[in-house]
Number of protein chains: 2
Amino acid sequence: MASQTAKTRRKPRADSLRNRQKLLEAASVVFGAGDGQASLEAVARQAGVGIGTLYRHFPTREELFEAVYRNEVDILGDLAERLVAEGGDTVEALRRWLHASIRLFTTKSGMIEGLQLAAAGSSELRAYSLERMTGATALLLKSGVDAGQMRDDISPEDIFRALVGIFYSQMPTKDPADTIRLIDVFVDGLRKR
Amino acid sequence: MASQTAKTRRKPRADSLRNRQKLLEAASVVFGAGDGQASLEAVARQAGVGIGTLYRHFPTREELFEAVYRNEVDILGDLAERLVAEGGDTVEALRRWLHASIRLFTTKSGMIEGLQLAAAGSSELRAYSLERMTGATALLLKSGVDAGQMRDDISPEDIFRALVGIFYSQMPTKDPADTIRLIDVFVDGLRKR
DNA sequence: TTGATAAGCGGAGGCGCCCTCCGTATATTG
DNA sequence: CAATATACGGAGGGCGCCTCCGCTTATCAA
């Protein structure tokens, strides 16, 4: 058997998995609330586990951030797939997805902040999230192009970069509603005419 | 008496001024070393004053950052004036000034980081530094144009934005030497031909 | 000069957070 | 139902934050 290399390992304990998940959710809540510096003890409290448990699962602050971030990126990726599968107006689907992305970035601005720590260390994470996000964009775009509703001369990368650019240019001061409006303008521009 | 409004105030004590200056220098050293999170106690230690003294001068972390930053921006502003006054090759002067700016930004990357805190609060600081920096750029540019050595169809704002853009695009990973090289290319492009 | 006093100084102390370590508890396995 | 690998909680030591206050000193008026 191939299990030779990694010895024979027990399967992970159920409570361990549960706690890991609780920690992820708690971290999302605590850090999401605009404070990327929030204490890890607060995260453990919110999760209802001991501080030691937190440290066992995520030995460093960065690892926790990274895990939460991956989680949220995956949520957005899944959302794109779901929207496409659902069918319906493709432009509306793209619009919704971009809105969700912006909403997540703004509500979790603490994340972004914390990420700069994590991203500095692991460029693998950058690559992963970039790929996942452009992949999602590509999916939505393709379904729009196939349906003859969107122009086909724009690359998913450019769309995603535009998202990030719009987001950052507005970043610290402006009302999120303004950002959403800009996104809508942009999406309207993607309509085939 | 007109002193009604502001009472009669003694002039500030000499040791107080000295300590303030020592703190500013210490903070520049401590935070400059790439760590915007460094402890304030370390700053006080480095300055050779008590922690209480630090807090009296700069009640919040942000205020200290802001003061240090203003100080450094002023240094760059003064440098531009000095370079122009000295005469000599104007292109070389601009090049030197941009190098100095980049060097300061990279060695003090901890500053930039800490600044995001301060800048979030005081957009007045943003305005001040922007004005001071573009002012310096304008001065250097004008002296180059007057000497017939630089093209006159580029605005100081654009030059400064280019500086910032180049800097940020390279920011976390790349070798500072690469950034310097890009700056040199850019400056070369400003030569009148 | 000198004494009065406003201004400034240092650092002890209370508190919260970081992280480690280990005795206790429990899920998994045969 | 053991046996044991795994995971759990939280006490505890260390450090940084910030306040508070008794002591020191620069300034000023006489």
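Numbers restart at 1 for each chain; the letters A, B, ... are given by sequence-line order, proteins then strands.
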*Asks:* Rounded to the nearest angstrom, tell me the gap between atom CG in Leu17(A) and atom C1' in dT28(C).
*Replies:*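 So the two atoms are 14 Å apart, to the nearest Å.
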*Asks:* Would Asp74(A) and Tyr69(A) count as having a side-chain donor-acceptor pair, cut-off 3.5 Å?
*Replies:*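 No, because no side-chain N or O of Asp74(A) sits under 3.5 Å from a partner of the opposite role on Tyr69(A).
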*Asks:* Quick check: closest heavy atoms across Leu141(A) and Ile159(A), and the distance to 0.1 Å?
*Replies:*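 The pair with the smallest heavy-atom distance is CD1-CD1, 3.9 Å.
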*Asks:* Does the pair Glu72(B) and Val68(B) meet the rule for a side chain to side chain contact (heavy atoms under 4.5 Å, CB included), with working shown?
*Replies:* CA-CA 6 Å; Glu72(B) 319 242 285; Val68(B) 175; 4.1 Å; yes
*Asks:* Just by protein heavy atoms under 4.0 Å, how would nucleotides 18-27 of chain C read 5' to 3' in B, S and -?
*Replies:* BBB-----BB
*Asks:* I want to check one thing: is the phosphate of dG8(C), taken as OP1 and OP2, less than 4.0 Å away from some side-chain N or O of His57(B)?
*Replies:*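 False: His57(B) side-chain N/O out of range (4.0 Å or more) of dG8(C) OP1/OP2.
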*Asks:* Strictly below 4.0 Å: does Ser16(B) bring a side-chain N or O up to OP1 or OP2 of dG8(C)?
*Replies:*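 Answer is yes, contact under 4.0 Å.
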*Asks:* For a quick test of reading the model: is some side-chain N or O of Asn19(A) closer than 4.0 Å to OP1 or OP2 of dC8(D)?
*Replies:*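 Looking at the OP1 and OP2 atoms of dC8(D), one of them is under 4.0 Å from a side-chain N or O of Asn19(A).
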*Asks:* Rounding to an integer number of Å, can you tell me how far Leu54(A) CG sits from dG10(D) P?
*Replies:*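 Between P of dG10(D) and CG of Leu54(A): 14 Å.
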*Asks:* How many whole angstroms separate atom CZ of Phe65(B) from atom P of dC17(D)?
*Replies:*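 Between P of dC17(D) and CZ of Phe65(B): 11 Å.
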*Asks:* Just how far, in rounded Å, is C1' of dC8(D) from CZ of Arg20(A)?
*Replies:*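 The answer, rounded to whole Å, is 16 Å.
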*Asks:* Are the side chain of Trp97(A) and the backbone of Leu76(A) linked by a donor-acceptor contact shorter than 3.5 Å?
*Replies:*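 Answer holds: yes.
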*Asks:* Rounded to whole Å, how long is the line connecting atom NZ of Lys11(A) with atom C1' of dA7(D)?
*Replies:*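 So the NZ-C1' distance, Lys11(A) to dA7(D), works out to 16 Å.
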*Asks:* For Glu131(B), does the CD atom sit with more than 12 other heavy atoms under 6.0 Å from it, leaving out its own atoms?
*Replies:*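 No, CD of Glu131(B) has 12 or fewer neighbouring heavy atoms, counting only those of other groups under 6.0 Å.
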*Asks:* Would Glu92(A) and Arg95(A) pass as an ion pair if we require N to O under 4.0 Å?
*Replies:*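 The answer is yes: the pair qualifies as a salt bridge.
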